[in-house]
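The structure under discussion appears below in the form of structure tokens.
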Amino acid sequence: MPDVTTPYATGTPCWVDLMAKDQQAALDFYRDLFGWQGQPGPAEFGGYAVCMLNGKAVAGIGPAAAPEGMPEPPTVWTSYLATTDAEATQDAIVEAGGTLLVPVMDVGSLGRMLVAADPQGAVFGVWQPGEFSGAQVVNEAGALTWNELHTSDVEGATAFYGEAFGIEVKPVAGNDQYWELHVGGRAVGGALLLANDPPGTPPHWLTYFSVDDVDDCVNTVVKRNGTVLAPPFDMVAGRMAVVADPQGAPFAMIKPKPR
């Protein structure tokens, strides 16, 4: 993740949010787990809550309401990729074979957004900043630290994200099962084959939050009626686990090794 004192470069994950059937229950859960402070926002923004960590915007939680006649959005964390021109990015997504789910829309004076799916079906958001640039804190305990694409076709994803965002997908030296997403010469996310997920898992983006103690946080998830999808384990980047919150939204937690 970048230094958040500078604008997010196009293609960089800049924000994550969750649409929950029970917004207040989600706000309570993530408050207890990560120390976030948030409350339902103004009606003009659908009650969307911008959660704060030590006074800085860290993630969004909104109610899973859908326009009349539209299906209710799934309870998942959505990764947003930065852009300086949402309209141009929307055109590029379609041209590259992606599917628009929510066309470009204004979010007051805060910015512009859209939601799309890549050709393999992984859903992501796009954010063009206005007054709000995205996450104001990253790479700290309780904050976003990594965004990871789980795809059925790395070559196809490489072509799509390269054409739509200028993202470079590069294999990790010494690991033929993992790739890094590069923007401006630096890693901003990862990618791996869906074959590593449980059978039947659809292509998706997985959100990683940094924590000080993975095992303790997993215990908190269980006590709050969440689900453990992958118990704590040690890997090259640190100790991590994959869990789902009580409403079913999957996410990862990691205590990164010192860089």
Side-chain angles (χ1 to χ4, degrees), residues 1-20 36 38 41-42 44-53 56-65 73-74 76-96 98-118 122-139 143-149 157 160-167 181-184 186-191 204-209 249 251:
M1 295 292 293
D3 174 357
V4 294
T5 59
T6 58
Y8 288 92
T10 294
T12 304
C14 63
W15 187 243
V16 292
D17 69 14
L18 171 71
M19 295 296 116
W36 295 356
E44 64 181 298
F45 297 128
Y48 189 93
V50 174
C51 297
M52 313 295 281
L53 180 66
K56 296 180 179 180
V58 65
I61 296 178
V76 294
W77 280 99
T78 299
S79 294
Y80 286 76
L81 306 180
T83 183
T84 56
D85 187 335
E87 291 280 0
T89 298
Q90 175 172 275
D91 293 343
I93 287 169
V94 173
E95 183 70 24
T99 303
L100 285 180
L101 302 177
V102 179
V104 174
M105 59 181 284
D106 293 315
V107 185
S109 59
L110 298 177
R112 310 188 80 201
M113 64 161 285
L114 65 96
V115 180
D118 68 22
V123 174
F124 61 92
V126 175
W127 182 253
Q128 175 189 332
E131 295 175 357
F132 183 73
S133 60
Q136 296 168 337
V137 56
V138 296
N139 301 331
L144 177 66
T145 194
W146 195 244
N147 302 72
E148 187 176 77
L149 174 65
F160 171 79
Y161 289 100
E163 184 175 340
F165 294 97
I167 295 172
L181 311 182
H182 286 248
V183 169
R186 62 190 305 275
V188 298
H204 64 281
W205 281 83
L206 181 66
T207 297
Y208 280 67
F209 296 109
F251 61 96

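Note that these values count all heavy atoms, side chains included, but never hydrogens, waters or copies made by symmetry.
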Item checked: Worked verdict on L18 versus F251 for side chain to side chain contact (heavy atoms under 4.5 Å, CB included) -> CA-CA 11 Å; L18 171 71; F251 61 96; over 6 Å; no
Heavy-atom pair with the smallest gap, counting every atom of [X] and [Y]:
X: P63; Y: Y48; result: CD-N, 4.3 Å
X: A9; Y: V183; result: CB-CG1, 3.8 Å
X: T10; Y: T84; result: OG1-N, 3.6 Å
X: A82; Y: F165; result: O-CD2, 4.3 Å
X: V188; Y: W146; result: C-CZ3, 4.1 Å
X: L181; Y: W205; result: CD1-CH2, 3.5 Å

Mind checking the [atom1]-[atom2] spacing from [X] to [Y]? Nearest 0.5 Å is all I need.
X: I167; Y: F160; atom1: CD1; atom2: CZ; result: 9.0 Å
X: L144; Y: F209; atom1: CG; atom2: CZ; result: 6.0 Å
X: T83; Y: Q90; atom1: OG1; atom2: CD; result: 11.0 Å
X: L149; Y: S79; atom1: CG; atom2: OG; result: 9.5 Å
X: N147; Y: Y208; atom1: CG; atom2: OH; result: 10.0 Å

Margin query: I'd like to know whether Y8 forms a ring pair (Phe, Tyr, Trp, His ring centres under 6.0 Å) with Y80, so could you lay out the CA-CA distance, the side-chain angles of the two residues, the decisive distance to 0.1 Å, and finally the verdict.
Written below: CA-CA 11 Å; Y8 288 92; Y80 286 76; over 10 Å; no
Checklist line | Heavy-atom side-chain proximity of W127 to W15 below 4.5 angstrom | finding: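 With C-beta onward as the side chain, the pair stays apart.
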Note to self: Contact between F45 and V50 at the side-chain level, heavy atoms closer than 4.5 Å - yes or no?
What the structure shows: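 No. Closest side-chain heavy atoms not under 4.5 Å.
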Check: Taking Q136 for the side chain and A57 for the main chain, is one N or O donor matched with an acceptor at less than 3.5 Å?
Finding: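 Here the side-chain-to-backbone pair exists.
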Note to self: Is there a side chain to side chain contact (heavy atoms under 4.5 Å, CB included) between V76 and V123? Walk through the geometry before answering.
What the structure shows: CA-CA 10 Å; V76 294; V123 174; over 6 Å; no
Validation: residues 99-118 side-chain donor-acceptor distances under 3.5 Å, sequence neighbours left out:
unit_1 : atom_1 : unit_2 : atom_2 : d
D106   : OD1    : R112   : NE     : 2.7
S109   : OG     : E131   : OE1    : 3.0
S109   : OG     : E131   : OE2    : 3.1
D118   : OD1    : Q120   : N      : 2.9
D118   : OD1    : G121   : N      : 2.9
D118   : OD1    : A122   : N      : 3.0
D118   : OD2    : Y161   : OH     : 2.7

